[in-house]
Participant: 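Pasting in a structure now, in C-alpha cells, and then I'll have a few things to ask.
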Amino acid sequence: NAPNVPSNPSPSNGATDQSIDVDISWTGGDPDGDPVTYDVYFGTTSPPTLVSDNQSSTTYNPGTLGYHVKYYWRIVAEDNHNSQTESSIWNFTTESASWSEFKDASGTYYDITGNYYDPDPVNGYPWIALSSYGSYGAAASWAFYGLEKAVVETLVVGAWSYDDGWDVTGGEEYWVYNHTASQWVYLGTSDKTNGWHLFGETGSNVKNYIGDSDGAVFLHLNSGYTDHSYIKQVFCEERGAGTRLKISLQIE
C-alpha cells in the first residue's frame, strides 16, 4: 500500500497572520508501517519548488519568512517500495510588520533647549511647556529605536501637543531626521485651531528616516515665536507590507 496522503497541515490551509518564524508540519505515516520519507515543496509561487527531500521528519523549518507574504507548500510521501502519495497545495499568509511607541513628554527627550518647564507648572506631569516668550524659542527632540527598516512602508510621527501663543501666523514646527541626507527635514506646522492634534507621514522614501544599525527615528519639535507650546506625548508608528496605518488622536 502507498503511504498515507499527507494531511492536517500546520499552519492550516488558508491561515493568516502567521509568525514569520513559523515551522510547517503535517501528518504522514504508512498503513503497512513501512518507513516513509518526505519531500517538501515550499515558496511564494504556486506550484512551490522543492526545498527538502528524503527527510524522515514531518516538520520543516523554512527559516525567517517575509512579512505579509502568502506562502504555498505541499508534501510528497514515499515509502521504501518507491510508492508515493502527495498532498494538495496548501497556503498561509504571514503577519504584517508593525511597530509603535508612544512616550510621555517629560523625561523622555534626548535634547531640550531654550525656556521650558518640566513638568509644566500649571498642568504638571507628564507635560512639558516650551516657551519662546522674550527669547529665540525652545525646542525638544526625541528618539525612537528598533523599527524594522527592511519592511516598513508607512512611517508616522507626531505629538500630542498644542500651541497657545498669540502669534496666529505660525505654530509649532515638527521636524524628522533624514539619516541618508544627514539633515533635519521639515514635516509641518501645527494648526492652532485644531488644539491637541497633529500627525504626519514622512512621505516617500520612508526608509531614509530610519537608522541602518539601530532602527532609529528622531523627532524634533520647535516652539514658534512668540508662542507657548505644551507637549504631552510624542509618537512613532510604522506598518509594513502595504498595510497603511491610520491614527486618530483625541484628548478628553
Side-chain angles (χ1 to χ4, degrees), residues 1-101 144-156 201 204-208 210-217 236-247:
N1 294 299
N4 299 328
V5 176
S7 60
N8 299 321
S10 179
S12 60
N13 187 35
T16 59
D17 201 30
Q18 299 299 296
S19 168
I20 61 171
D21 296 315
V22 69
D23 290 346
I24 60 174
S25 63
W26 59 93
T27 299
D30 185 272
D32 306 312
D34 294 333
V36 180
T37 59
Y38 303 95
D39 294 343
V40 180
Y41 293 78
F42 186 90
T44 58
T45 59
S46 181
T49 58
L50 180 67
V51 292
S52 176
D53 61 346
N54 295 320
Q55 68 170 58
S56 58
S57 172
T58 56
T59 299
Y60 175 75
N61 180 0
T64 301
L65 303 176
Y67 283 105
H68 200 68
V69 176
K70 189 172 187 177
Y71 289 93
Y72 300 88
W73 60 294
R74 71 182 179 97
I75 303 298
V76 175
E78 182 175 343
D79 64 16
N80 59 341
H81 302 288
N82 298 321
S83 183
Q84 292 185 342
T85 58
E86 63 180 67
S87 72
S88 303
I89 295 178
W90 302 312
N91 71 80
F92 66 88
T93 303
T94 54
E95 62 191 336
S96 293
S98 63
W99 185 99
S100 64
E101 186 172 353
F144 301 88
Y145 296 96
L147 276 74
E148 293 281 352
K149 181 173 182 176
V151 299
V152 61
E153 291 188 356
T154 300
L155 180 63
V156 181
E201 293 187 25
S204 60
N205 300 317
V206 295
K207 292 178 173 57
N208 292 339
I210 304 173
D212 289 325
S213 61
D214 51 9
V217 172
C236 178
E237 298 211 17
E238 61 94 344
R239 287 275 180 167
T243 302
R244 294 191 63 78
L245 178 68
K246 294 182 180 179
I247 289 183

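When reading the values below, keep in mind they use all heavy atoms of this one structure, side chains included, and skip hydrogens, waters and symmetry mates.
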Participant: Working to the nearest 0.5 Å, report the span between OG1 of T16 and CG of N91.
Facilitator: 10.0 Å
Participant: Search all heavy atoms of P6 against all heavy atoms of A77 and return the closest pair with its distance.
Facilitator: CG-CB, 4.0 Å
Participant: Rounded to the nearest 0.5 Å, what separates atom OG in S7 from atom CH2 in W90?
Facilitator: 6.5 Å
Participant: Could you give me the CA-CA distance, side-chain angles and deciding distance for L50 and V40, then say whether side chain to side chain contact (heavy atoms under 4.5 Å, CB included) is met?
Facilitator: CA-CA 6 Å; L50 180 67; V40 180; 5.8 Å; no
Participant: If you look at every heavy atom in C236 and L155, which pair is closest and at what distance?
Facilitator: SG-CD1, 3.8 Å
Participant: At their closest point, which heavy atom of D34 faces which heavy atom of D30, and how far apart are they?
Facilitator: N-OD1, 3.3 Å
Participant: Are P62 and V51 close enough that some pair of their side-chain heavy atoms sits under 4.5 Å apart?
Facilitator: no
Participant: Is there a donor-acceptor pair closer than 3.5 Å between any side-chain N or O of D21 and the backbone N or O of T64?
Facilitator: no
Participant: Output the distance between atom CG (L65) and atom CD1 (I20), rounded to the nearest 0.5 Å.
Facilitator: 7.5 Å
Participant: Checking D39 against N54 for the side chain to side chain contact (heavy atoms under 4.5 Å, CB included) test, could you report, in this order, the C-alpha distance in whole Å, the side-chain angles of both residues, the deciding distance, and whether it holds?
Facilitator: CA-CA 6 Å; D39 294 343; N54 295 320; 4.2 Å; yes
Participant: Hey, does the side chain of T94 reach the backbone of V69 with a donor-acceptor pair shorter than 3.5 angstrom?
Facilitator: yes
Participant: Quick one: side chain to side chain donor-acceptor pair (under 3.5 Å) partners of Q18, sequence neighbours excluded?
Facilitator: none
Participant: Working to the nearest 0.5 angstrom, can you tell me the gap between Q84 CD and N82 CG?
Facilitator: 8.0 Å
Participant: Taking only residues two or more places apart in sequence, or in another chain, which ones meet Y38 in a ring pair (Phe, Tyr, Trp, His ring centres under 6.0 Å)?
Facilitator: W26
Participant: With F42, which residues qualify under ring pair (Phe, Tyr, Trp, His ring centres under 6.0 Å), at least two apart?
Facilitator: Y71
Participant: Given 3.5 Å as the limit, does a donor-acceptor pair link the side chain of T85 with the main chain of A2, or not?
Facilitator: no
Participant: Can you name the closest pair of heavy atoms from S88 and R74 and give their distance?
Facilitator: O-CB, 3.4 Å
Participant: Looking only at heavy atoms, which two atoms of P11 and I24 are closest? And how far apart?
Facilitator: CD-CG2, 4.0 Å
Participant: With a 4.5 Å limit on heavy-atom distance, are the side chains of F92 and V22 in contact?
Facilitator: yes
Participant: Roughly how far, to the nearest 0.5 Å, is CG of D17 from OG1 of T93?
Facilitator: 9.5 Å
Participant: So how far is it from Y72 OH to T49 OG1, rounded to the nearest 0.5 Å?
Facilitator: 13.5 Å
Participant: So which heavy atom on G43 is nearest to which on P48, and how close?
Facilitator: N-CB, 3.7 Å
